[in-house]
Amino acid sequence: MSKFKSLPGFREFYPEDFAERRFLFQVWRQVARRFGFQEFDGPALESLELFKAKSGDEIESQLFCFEDKGGREISLRPELTPTLARMIATRANSLKRPIKWFSIGDNFRYERMQKGRLRCFTQLNADILGESGPAAELELLALLVQLLQGFGLGADDFLIRLSDRNLWMLYLEALGFADKSAAILEIVDKWERISEESATEKLVGLVGDSGSSLAGSIRAFLEVRNLQDLKTAFESASEEAAEGSALSERLDDWNCLLDGLEAMGIAQFVEMDLSIVRGLAYYTGFVFEAFDRAKENRAIAGGGRYNGLVRKMGGPEMPAVGFGMGDVVLADLLRERGIMPQFVDTIDAYLVIGGDSERSVALADASLLRQSGFSVDYSFKNQAFGKQLKAASASGARFALIYGSEELENAVVKARNLSDRTEQDLPRNQLPLALRDLLA
RNA sequence: GUGGCUAUAGCUCAGUUGGUUAGAGCACCGGUUUGUGGUACCGGGGGUCGCGGGUUCGAAUCCCGUUAGCCACCCCA
């Protein structure tokens, strides 16, 4: 056993683990590219202030932060969005819009670990900036669906819940609680986790006696699953608001988005569900989360619109919407479903070397073949043929190239197909070409 | 930050009411095998039984502490 251990919440990736990781990244990258997103990255280490600016001072307790040797207060990044917002803010005026960017990177959060949550995890982030209309949300939802489909997940496996903080603001305004909306939404966010009684208690504590009727109105809103339900909820809240232009404009956005989902053939993956409000209050419009259907409440990915952030980072007004998807929950899910592929590293050829007198010839060919683009391996020491063939087989090689004295006398090497055990001689002076034909 | 459970080889786990030198399977290395691989047989390396303290003639085993892991709460950007 090693004298040292890795830090809590930080993983080591042995080759078999890394193969899974590579698979996740490949799908992420391929699908994002299919949608025309461009890959970027920022520094893993940033000033502490950057993260406090977005999330408030309380965030510090969950950061890997410290003072560097120059006396700077710095932190490993807990998320990518502040960095993205700063990068966009810096070049906002020269970036062609819409800006469609994605990134795959490690994030760090100083938290107690549990299932699906570590201290260092990798997240895919995809963001669209410069588009204020629901076309941006549509594109991101379509990307999210195809990403999950790219891993072999289907409509039975996941569901995207789509919500809207704007609708909540309009609704609370219609109910006469516009001034307490932030505090009320915090309670709504916890609604599913705490009992309705204790939620009602909190509401009564917040707004007084009208709290219990407010609780009833909120429950009705939480049960909304389509635009018809929504209309009914608003009508019973306030006739005036139900007829107002603010609501009808927002309903236009909803119609546009829902029609788009229909047109893209992904409507069955998305459900209107206003119980998603997402904790921190910097989201400004549509918000959404993708859930594992088998285990309710486990979010695979989440995001929403955050129109104010680029300006907060010193840039111009810049509409923005994005989502993140972590590798930990996703990999757990794929393993549970039995759809995490098992990868075997293979090579093209394994050289079986007769002895010292054949070794230098074999080494010359290994070098040539590798330069020609083949993956080639061989034993470091002289061993019996049987041993070397065993190693060849274990290496995953498709062919064993046998360098024996008889072969070399005839200026050939014997290629043994390791799966069907057939053999044929290849001329040494044309080895790369001959091997290419064999592998084709 | 709070609580519950757990900790023996790289992995999965045995280990009796406390009793010699802590075991097995898998994996790894070597041999049977200097011209033909997945099986078989033989052998080998690898452990301060998480760590520290206590009880005892004697602790992997009992007690206390601590650390780490898992799970839940909190939080979830």
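Naming: A, B, ... by sequence-line order, numbering from 1 per chain. Not measured: the values here are computed from a predicted model.
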| query | When the aromatic ring centroids of A:Phe374 and A:Phe399 are compared, is their separation below 6.0 Å? | reply |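 Between A:Phe374 and A:Phe399, the centre distance exceeds or equals 6.0 Å.
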
* Between A:Asp420 and A:Gly354, name the one whose nearest nucleotide on RNA chain B is closer to the 5' end. =>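 Nearest nucleotide further toward 5': that of A:Gly354.
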
Taking the nucleotide of RNA chain B with the closest heavy atom to each, which residue, A:Pro78 or A:Gly9, is nearer the 5' end?
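On the 5' side of the pair lies A:Gly9.
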
Determine the interatomic distance between [atom1] on [N] and the same-named atom on [M]; round to the nearest Å.
{"N": "B:rC70", "M": "B:rG65", "atom1": "P", "value": "23 Å"}
{"N": "B:rG4", "M": "B:rC74", "atom1": "C1'", "value": "16 Å"}
{"N": "B:rG31", "M": "B:rG19", "atom1": "P", "value": "41 Å"}
{"N": "B:rC57", "M": "B:rC29", "atom1": "C1'", "value": "42 Å"}
{"N": "B:rC13", "M": "B:rU6", "atom1": "C1'", "value": "14 Å"}
{"N": "B:rU8", "M": "B:rC49", "atom1": "P", "value": "11 Å"}
{"N": "B:rU20", "M": "B:rG44", "atom1": "C1'", "value": "24 Å"}
{"N": "B:rA60", "M": "B:rA7", "atom1": "C1'", "value": "11 Å"}

Partner nucleotide, any strand, of [N] [Watson-Crick/G-U, under 3.5 Å]:
{"N": "B:rU6", "answer": "B:rA68"}
{"N": "B:rG44", "answer": "B:rC28"}
{"N": "B:rA59", "answer": "none"}

(request) Looking only at non-hydrogen atoms, find the nearest pair between A:Glu20 and A:Met340 and report the distance. (result)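 Nearest pair, atom of A:Glu20 first, then A:Met340: OE2-CG, 3.5 Å.
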
- Message: How close do A:Lys54 and A:Pro82 get, counting heavy atoms only, and between which atoms?
- Response: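 So the two residues come closest at CD-CG, 3.7 Å.
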
Using the six-membered ring wherever Trp is involved, compare the ring planes of A:Phe25 and A:Trp28 and label them parallel, tilted or perpendicular (cut-offs 30° and 60°).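 Rings of A:Phe25 and A:Trp28: parallel, under 30°.
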
Exercise. In terms of the angle between their ring planes, are A:Phe151 and A:Phe23 parallel, tilted or perpendicular, with boundaries placed at 30° and 60°?
Worked result: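 If you compare the ring of A:Phe151 with that of A:Phe23, the planes turn out perpendicular.
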
Next item on the list: Can you tell me the distance, in whole Å, between the CZ atom of A:Arg117 and the P atom of B:rA72?
Entry: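 Atom-to-atom, A:Arg117 to B:rA72, this comes out as 11 Å.
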
